[in-house]
Amino acid sequence: MLKILASILSADFARLADEIADVEAADVDGLHIDVMDGHYVPNITMGPAVVRGAASVATVPLDAHLMISDPAKYAGDFIAAGVSRVCFHPEVAPDPLALLSFIKKKGAQAGLAVNPDSDVDSMKRLFPKADYVLVMTVFPGFSGQKFIPSALDNVRRVRALFKRDIAVDGGVSPGTARMVYQAGGNVFVVASAVFGRKDRAAAVRALRAAALG
């Protein structure tokens with residue numbers, strides 16, 4: 001089942017409640033929170049306080065992508081703030097299996113994030129404990145980057161090994177949606193492709209139509 005998550009990284013934070021209401025009316029399936037700490041990636045975005053505010057007005061689920069150097073320390077804070085799914089980069093977690101279990105014990109779904117240059121085979125042992133996998137089709141850090149076609153190989157490799165949700169994040173647009181869907185990605189994380197359009201409902205419809213052909 002195709003799902004579309006709108007990343008609030010590209011929203012107008014001066015009117016975040018209105019922006020959330022607008023994309024919810026456009027029929028997105030959830031909101032995506034890009035958490036960056038200036039260490040794991042060269043950018044700083046938002047923390048639990050912003051998530052708490054978003055969760056107080058949202059009617060769709062929130063998920064958090066922790067692009068941070070110590071996900072084990074902060075995962076619980078984001079769950080307490082209102083997200084229902086949390087993914088992290090396993091290479092920065094001393095014990096990824098323990099962190100997957102911790103996230104689940106806190107009542108959220110647990111996910112793994114895959115960078116364009118990640119070794120998918122090295123993560124195979126973690127997949128049985130994950131609820132979803134997020135495959136990056138850009139290098140994490142900034143919104144609006146150009147889609148990396150070769151990263152679709154990771155989507156295909158993960159799909160061959162993993163039968164649950166595979167989210168794809170980075171440069172997903174009507175021009176790339178069909179490739180992503182055919183490779184095995186069924187959850188589209190989109191930022192500027194939705195928030196960067198005046199008619200968000202038309203943008204979401206275009207993504208769905210392009211993916212499904």
(request) Not counting sequence neighbours, which residues clear salt bridge (Lys or Arg N to Asp or Glu O under 4.0 Å) with Arg15? List them please. (result) Glu19
(message) Show me the pairs that pass salt bridge (charged side-chain N to carboxylate O under 4.0 Å, His left out) and involve residues 86-102, at least two apart or across chains.
(response) none
Ignoring hydrogens and angles, write down the donor-acceptor pairs under 3.5 Å from the side chains of residues 104-112, residues two or more places apart or on other chains.
residue: Lys104; atom: NZ; partner: Lys129; partner atom: O; Å: 2.7
residue: Gln109; atom: OE1; partner: Arg85; partner atom: NH1; Å: 3.4

(message) Please tell me whether Leu161 and Met123 are part of a single hydrophobic cluster in this structure, the criterion being side-chain heavy atoms less than 4.5 Å apart.
(response) yes
(message) According to a hydrophobic-cluster definition based on side-chain heavy atoms being under 4.5 Å apart (Ile, Leu, Val, Met, Phe, Trp, Tyr only), do Tyr132 and Val135 belong together?
(response) no
(request) Report yes if some heavy atom in the side chain of Asp12 is under 4.5 Å from a heavy atom in the side chain of Phe195; otherwise report no. (result) no
(request) Please list, chain by chain and in numerical order, all residues satisfying side-chain contact (heavy atoms from CB on, under 4.5 Å) with Ala26, sequence neighbours excluded. (result) Arg200, Ala201, Val204
(message) Suppose we screen for salt bridge (Lys or Arg N to Asp or Glu O under 4.0 Å). Which residues come up paired with Asp153, at least two apart in sequence or across chains?
(response) Arg156
(message) Can a donor-acceptor pair be found, under 3.5 Å and without considering hydrogens, that links the side chain of Arg164 to the backbone of Ala130?
(response) yes
(request) Start with the C-alpha gap between Phe78 and Ile103, add the side-chain angles, then the distance that decides, and say whether side-chain contact (heavy atoms from CB on, under 4.5 Å) holds. (result) CA-CA 10 Å; Phe78 283 95; Ile103 291 168; over 6 Å; no
(request) To the nearest 0.5 angstrom, please state how far the OG atom of Ser56 sits from the CD1 atom of Ile20. (result) 7.5 Å
(request) Compare every heavy atom of Ala160 with every heavy atom of Lys163, then report the nearest pair and how far apart it is. (result) NZ-O, 3.7 Å
(request) Spell out, yes or no, whether Ile44 and Tyr74 are grouped together once hydrophobic residues are joined by side-chain heavy atoms under 4.5 Å, including indirect joins. (result) no
(message) Going by ring-ring contact (aromatic ring centres under 6.0 Å, His included), name the residues that satisfy it together with Phe13, two or more places apart in sequence or in a different chain.
(response) none
(message) Nearest 0.5 angstrom please: Leu62 CG to Ile79 CD1, how far?
(response) 12.5 Å
(request) Can you sort out the partners of Ser173 under side-chain contact (heavy atoms from CB on, under 4.5 Å), two or more places apart, ordered by chain and number? (result) Thr176
(message) Minimum heavy-atom separation for Gly171 and Val138, please, with both atom names.
(response) N-CG1, 4.2 Å
(message) Looking at every heavy atom in both Pro96 and Ala93, which two are closest together, and how far apart are they?
(response) CD-O, 3.4 Å
(request) May I ask whether Leu97 and Phe88 are part of the same hydrophobic cluster, defined by side-chain heavy atoms of I, L, V, M, F, W, Y residues being less than 4.5 angstrom apart, directly or through others? (result) yes
(request) Take atom NZ of Lys73 as the centre, draw a 6.0 Å sphere, and report whether it contains more than 12 heavy atoms from other residues, nucleotides or ligands. (result) no
(request) Enumerate the residue pairs fulfilling ring-ring contact (aromatic ring centres under 6.0 Å, His included) with a member in residues 149-183, sequence neighbours excluded, ordered by first and then second residue. (result) Phe127-Phe162
(message) Do Val83 and Val51 make a side-chain contact, defined as non-hydrogen atoms from C-beta onward lying under 4.5 Å apart?
(response) yes
(request) Go through the structure and list residues passing side-chain contact (heavy atoms from CB on, under 4.5 Å) with Asp34, not counting sequence neighbours. (result) Ser7, Leu9, His32, Met36, His65, Met67, Asp169
(message) Counting C-beta onward and ignoring hydrogens, is there a side-chain heavy-atom pair between Asp37 and Ser69 closer than 4.5 Å?
(response) yes
(message) Nearest 0.5 angstrom please: Asn186 CG to Lys3 NZ, how far?
(response) 6.5 Å
(message) Among residues at least two apart in sequence or on other chains, which ones pass side-chain contact (heavy atoms from CB on, under 4.5 Å) with Val92?
(response) Tyr40, Pro71, His89
(message) According to a hydrophobic-cluster definition based on side-chain heavy atoms being under 4.5 Å apart (Ile, Leu, Val, Met, Phe, Trp, Tyr only), do Leu2 and Leu31 belong together?
(response) yes
(request) Please name the pair of heavy atoms, one in Gly185 and one in Val168, separated by the smallest distance, quoted to 0.1 Å. (result) CA-CG2, 3.9 Å
Let me have the donor-acceptor pairs involving side chains of residues 206-213, under 3.5 Å, with sequence neighbours excluded, atom names and distances please.
residue: Arg208; atom: NH2; partner: Asp27; partner atom: O; Å: 2.9
residue: Arg208; atom: NH2; partner: Asp29; partner atom: OD2; Å: 3.1

(message) Quiz question: by atom type and distance under 3.5 Å, do the side chains of Asn154 and Ser118 form a donor-acceptor pair?
(response) no
(message) Nearest 0.5 angstrom please: Asp165 CG to Asp131 CG, how far?
(response) 9.0 Å
(request) Give the minimum heavy-atom separation between Val172 and Ala193, together with the two atoms involved. (result) O-CB, 3.4 Å
(message) Tell me the closest heavy-atom pair linking Ala72 and Leu99, and the distance in Å.
(response) CA-CD1, 3.7 Å
(request) Can you sort out the partners of Arg159 under salt bridge (Lys or Arg N to Asp or Glu O under 4.0 Å), two or more places apart, ordered by chain and number? (result) none
